[in-house]
**Student:** 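Handing you a structure now.
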Amino acid sequence: MAVEEGQWVLMATGRSPTNIAVIKYWGKRDEALILPVNDSISVTLDPGHLSATTSVAVSPSFPSDRMWLNGKEISLSGGRFQNCLREIRKRARDVEDEKKGIRINKEDWEKLHVHIASYNNFPTAAGLASSAAGFACLVFTLGKVMNVMEDYGELSSIARQGSGSACRSIYGGFVKWCMGKNNDGSDSIAVQLADEAHWNDLVIIIAVVSSKQKETSSTSGMRDSVETSPLLQYRAQTIVPNRVLKMEEAIKSRNFESFARLTCADSNQFHAVCMDTSSPIFYMNDTSHRIINLVEKWNQSEGTPQVAYTFDAGPNAVLIAPNRKNAALLLQKLLYCFPPQDHDLSSYMVGDKSILSDAGLNSMEDVEALPAPAEMKTPNQKFKGDVSYFICSRLGAGPKVVTEETQALIDSVTGLPKEV
């Protein structure tokens, strides 16, 4: 139902980044409140490359709450959406827009309904933390519309109730999700360890091996691991606390060797927990394993880590280089092994395409002329088509308000998504 004539629409649009955990979150001690069994640490990616954009509109003519994700209407009846809506409404304040002649009293928010439109500029449910960006953006933008004044720690605690890792997307740079000890989850919040400018030499290259929805969702996979994996309990209680301290120190001192070793080890242990689960969960595939092999051999041949790798609950590789020189060398190795299927180099690299020039790869001829990586035992092994595309990114900032009307996803007159 569109807006009735003479009725107003109040709207805000936000953009939130995704994040990639370098110390993984896997397993909840409380399913309903989404409280984790261990602390985790992540890097926030540049929202220009990987982000969710959300518009929230409110009008007295809306008969119910509605939401559209990537152009399709989805149900808001799920507990996670309802938790976020309830917690933000609880904190809503008076709103006045003199230009539009709108005044909303605090108590009015319980009666007003919202229309929400959200769009991810990267694959949903493919292991690239789309739900983290989505729920962080939902909470941030709802907060803007309803004039919520809570600090970011409080907002992170609400975003956590939508998707655990969403709490880490409330900040930019390096972020720690503190597991907390309280049963009500009040101390299970995200804190920023360092902003995106602290270590801005880092370059992040993501190999999108598959953009398909994964067979085992993170939610059900975690539940199975908590119930059946002895390794998960050992990891949470014995390994992670020490790793978190070492990772915080590596980030603070910008020690790439320590950062890389911890990142790779924690990714491998997370996937070992998945294998230790009954029934075993396989998020990585042969291409993921080939990428690990490539990086491990390069790191070993140099005697010190050149690149770090990490995999979330999916086959896509997130590769972190200490600088553009190493990122360019990495790209040469990756494109030798995984050349594009259709000879279109430009669409094979998304995000910061200038990394191609840094690597001396300006055409398919340059790719075809690449020498085999020195550490490869069997040269001429190429796996054309096994990587869908690459994304080159960097560390990024937290959520921001989008002020340009053209970028809003909801029509300010009809109150409906622009494409509907």
**Student:** Roughly how far, to the nearest 0.5 Å, is OG of Ser55 from CD1 of Ile410?
**Tutor:** 5.5 Å
**Student:** Indicate whether the side chain of Ser59 and that of Ser61 have a donor and an acceptor atom separated by less than 3.5 Å.
**Tutor:**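 Short answer, yes.
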**Student:** Could you check whether Ser357 and Ser354, counting side-chain N and O atoms only, form a donor-acceptor pair closer than 3.5 Å?
**Tutor:**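 No, no side-chain donor-acceptor pair sits under 3.5 Å.
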**Student:** Cation-pi check, Lys382 to Tyr336: give yes when NZ or CZ is under 6.0 Å from the six-membered ring centre and within 45° of the ring axis, no otherwise.
**Tutor:** yes
**Student:** Decide side chain to side chain contact (heavy atoms under 4.5 Å, CB included) for Arg93 and Met149; before the verdict, give the C-alpha distance in whole Å, the side-chain angles of both, and the deciding distance to 0.1 Å.
**Tutor:** CA-CA 8 Å; Arg93 292 153 56 93; Met149 303 301 272; 3.0 Å; yes
**Student:** For Ser165 and Asn19, work out which heavy atoms get closest and say how close.
**Tutor:** O-ND2, 3.1 Å
**Student:** Holding to side-chain hydrogen bond (donor to acceptor under 3.5 Å, both in side chains), I want the full list of residues that pass it with Thr141, two or more places apart in sequence or in another chain.
**Tutor:** none
**Student:** Would Glu248 and Lys252 count as a salt bridge (Lys or Arg N to Asp or Glu O under 4.0 Å) here? Give the steps.
**Tutor:** CA-CA 6 Å; Glu248 286 186 51; Lys252 187 179 171 186; over 6 Å; no
**Student:** Is the side chain of Asp151 donor-acceptor paired with the backbone N or O of Glu154 at a distance under 3.5 Å, no angle test?
**Tutor:** yes
**Student:** With distance as the sole test, does Asn38 use its side chain to make a donor-acceptor pair with the main-chain N or O of Lys24 at under 3.5 Å?
**Tutor:**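 Present.
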**Student:** Does a side chain donor of either Ser118 or Trp68 reach within less than 3.5 Å of an acceptor in the other side chain?
**Tutor:**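 The criterion, which ignores hydrogens and geometry beyond distance, is not satisfied for Trp68 and Ser118.
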**Student:** Strictly below 4.0 Å, N to O, side chains only: are Asp108 and Arg103 in salt-bridge contact?
**Tutor:**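 No, this pair does not count.
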**Student:** Ignoring hydrogens, what is the shortest heavy-atom contact between Ala21 and Arg168? Give both atom names and the distance.
**Tutor:**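 Scanning both residues, the minimum pair turns out to be CB-NH2, 3.6 Å.
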**Student:** So does Lys106 have more than 12 non-hydrogen atoms from other groups sitting under 6.0 Å from NZ?
**Tutor:** no
**Student:** Can you name the nearest heavy-atom pair linking Leu76 to Gln82, along with the distance?
**Tutor:** O-NE2, 2.6 Å
**Student:** Establish, yes or no, whether a centroid distance under 6.0 Å links the rings of Phe311 and Tyr283.
**Tutor:**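 Ring centres of Tyr283 and Phe311 not closer than 6.0 Å.
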**Student:** Tell me whether Asp358 is salt-bridged to Arg324, with the criterion being a basic N under 4.0 Å from an acidic carboxylate O.
**Tutor:**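 The answer is yes: the pair qualifies as a salt bridge.
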**Student:** Verify side chain to side chain donor-acceptor pair (under 3.5 Å) between Ser253 and Asn255, making sure each step is shown before the conclusion.
**Tutor:** CA-CA 5 Å; Ser253 59; Asn255 179 338; 4.8 Å; no
**Student:** Can you see whether Ser186 engages Asp184 through a side-chain donor-acceptor pair at a distance of less than 3.5 angstrom?
**Tutor:** yes
**Student:** Is there a side chain to side chain contact (heavy atoms under 4.5 Å, CB included) between Thr44 and Thr18? Walk through the geometry before answering.
**Tutor:** CA-CA 6 Å; Thr44 299; Thr18 189; over 6 Å; no
**Student:** Apply the test salt bridge (Lys or Arg N to Asp or Glu O under 4.0 Å) to residues Lys181 and Asp187: give CA-CA distance (whole Å), side-chain angles for both, the deciding distance (0.1 Å), then the verdict.
**Tutor:** CA-CA 7 Å; Lys181 291 181 178 156; Asp187 59 346; over 6 Å; no
**Student:** Please check if atom NZ in Lys325 has more than 12 non-hydrogen atoms from other residues, nucleotides or ligands closer than 6.0 Å.
**Tutor:**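 It does not: Lys325 NZ has 12 such atoms or fewer within range.
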**Student:** Answer yes if the side chains of Tyr309 and Asn268 hold a donor-acceptor pair under 3.5 Å, and no otherwise.
**Tutor:** yes
**Student:** Kindly give the heavy-atom pair with the smallest separation between Thr310 and Ile20, and that separation in Å.
**Tutor:**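 For Thr310 versus Ile20, the nearest heavy atoms are CG2-CG2, 3.7 Å.
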**Student:** Do Tyr389 and Met349 have side chains that get closer than 4.5 Å, going by heavy atoms?
**Tutor:**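 With C-beta onward as the side chain, the pair stays apart.
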**Student:** Which atom pair, heavy atoms only, marks the closest approach of Ile34 to Gln161?
**Tutor:**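 Looks like CD1-O, 3.7 Å.
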**Student:** Would you please test Lys418 and Asp411 for salt bridge (Lys or Arg N to Asp or Glu O under 4.0 Å) and show each step?
**Tutor:** CA-CA 5 Å; Lys418 286 182 176 176; Asp411 188 300; over 6 Å; no
**Student:** Fit a plane to each ring of Tyr152 and Phe140, take the angle between them on a 0 to 90° scale, and name the class: parallel (under 30°), tilted (30 to 60°) or perpendicular (over 60°).
**Tutor:**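 Tyr152 vs Phe140 ring planes: perpendicular.
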**Student:** Is it the case that over 12 heavy atoms from other parts of the model lie below 6.0 angstrom from the OH atom of Tyr234?
**Tutor:** no
**Student:** Under 3.5 Å, side-chain donor or acceptor atoms of residues 197-206 against the rest of the protein: list the pairs with distances, not counting sequence neighbours.
**Tutor:**
residue: His198; atom: ND1; partner: Arg254; partner atom: NH1; Å: 3.3
residue: His198; atom: NE2; partner: Ile251; partner atom: O; Å: 2.6

**Student:** I would like to know whether Trp26 and Ser218 meet side chain to side chain contact (heavy atoms under 4.5 Å, CB included); could you show each step before the answer?
**Tutor:** CA-CA 8 Å; Trp26 193 252; Ser218 300; 4.1 Å; yes
**Student:** Knowing that exactly one of Val387, Leu330, Val367, Asp366 qualifies, which makes a side-chain contact (heavy atoms from CB on, under 4.5 Å) with Leu335?
**Tutor:**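 Of the listed residues Val387, Leu330, Val367, Asp366, the side-chain contact (heavy atoms from CB on, under 4.5 Å) partner of Leu335 is Val367.
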**Student:** Can you find a side-chain donor-acceptor pair between Asn83 and Arg86 that sits under 3.5 Å?
**Tutor:**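 Per modelled atom types, Asn83 and Arg86 side chains form a pair under 3.5 Å.
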**Student:** More than 12 non-hydrogen atoms from neighbouring residues, nucleotides or ligands closer than 6.0 Å to CD on Glu107, yes or no?
**Tutor:**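 Count over threshold, so yes.
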**Student:** Is any NZ, NE, NH1 or NH2 atom of the basic residue among Glu257 and Arg261 found under 4.0 Å from an Asp or Glu carboxylate oxygen of the other?
**Tutor:** yes
**Student:** Is the closest side-chain donor-acceptor distance between Glu249 and Ser258 under 3.5 Å?
**Tutor:**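 Checked: Glu249/Ser258 side chains show no N/O donor-acceptor pair below 3.5 Å.
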**Student:** With a 4.5 Å limit on heavy-atom distance, are the side chains of Leu142 and Leu138 in contact?
**Tutor:** yes
**Student:** Heavy-atom distance under 4.5 Å between the side chains of Leu409 and Thr13, does that happen here?
**Tutor:**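 They are not in contact (no side-chain heavy atoms under 4.5 Å apart), so the answer is no.
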**Student:** Please determine whether salt bridge (Lys or Arg N to Asp or Glu O under 4.0 Å) holds for the pair Arg235 and Asp266, giving the CA-CA distance in whole Å, both sets of side-chain angles, and the decisive distance to 0.1 Å.
**Tutor:** CA-CA 10 Å; Arg235 164 183 158 73; Asp266 206 69; 2.7 Å; yes
**Student:** Going by an N to O cut-off under 4.0 Å, is there a salt bridge joining Glu87 and Lys90?
**Tutor:**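 Salt bridge flag = yes for Lys90 with Glu87.
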**Student:** Give the minimum heavy-atom separation between Ala52 and Asn120, together with the two atoms involved.
**Tutor:** CB-OD1, 3.3 Å
**Student:** Cation over ring, Arg290 on Phe383, under 6.0 Å and within 45°?
**Tutor:** yes
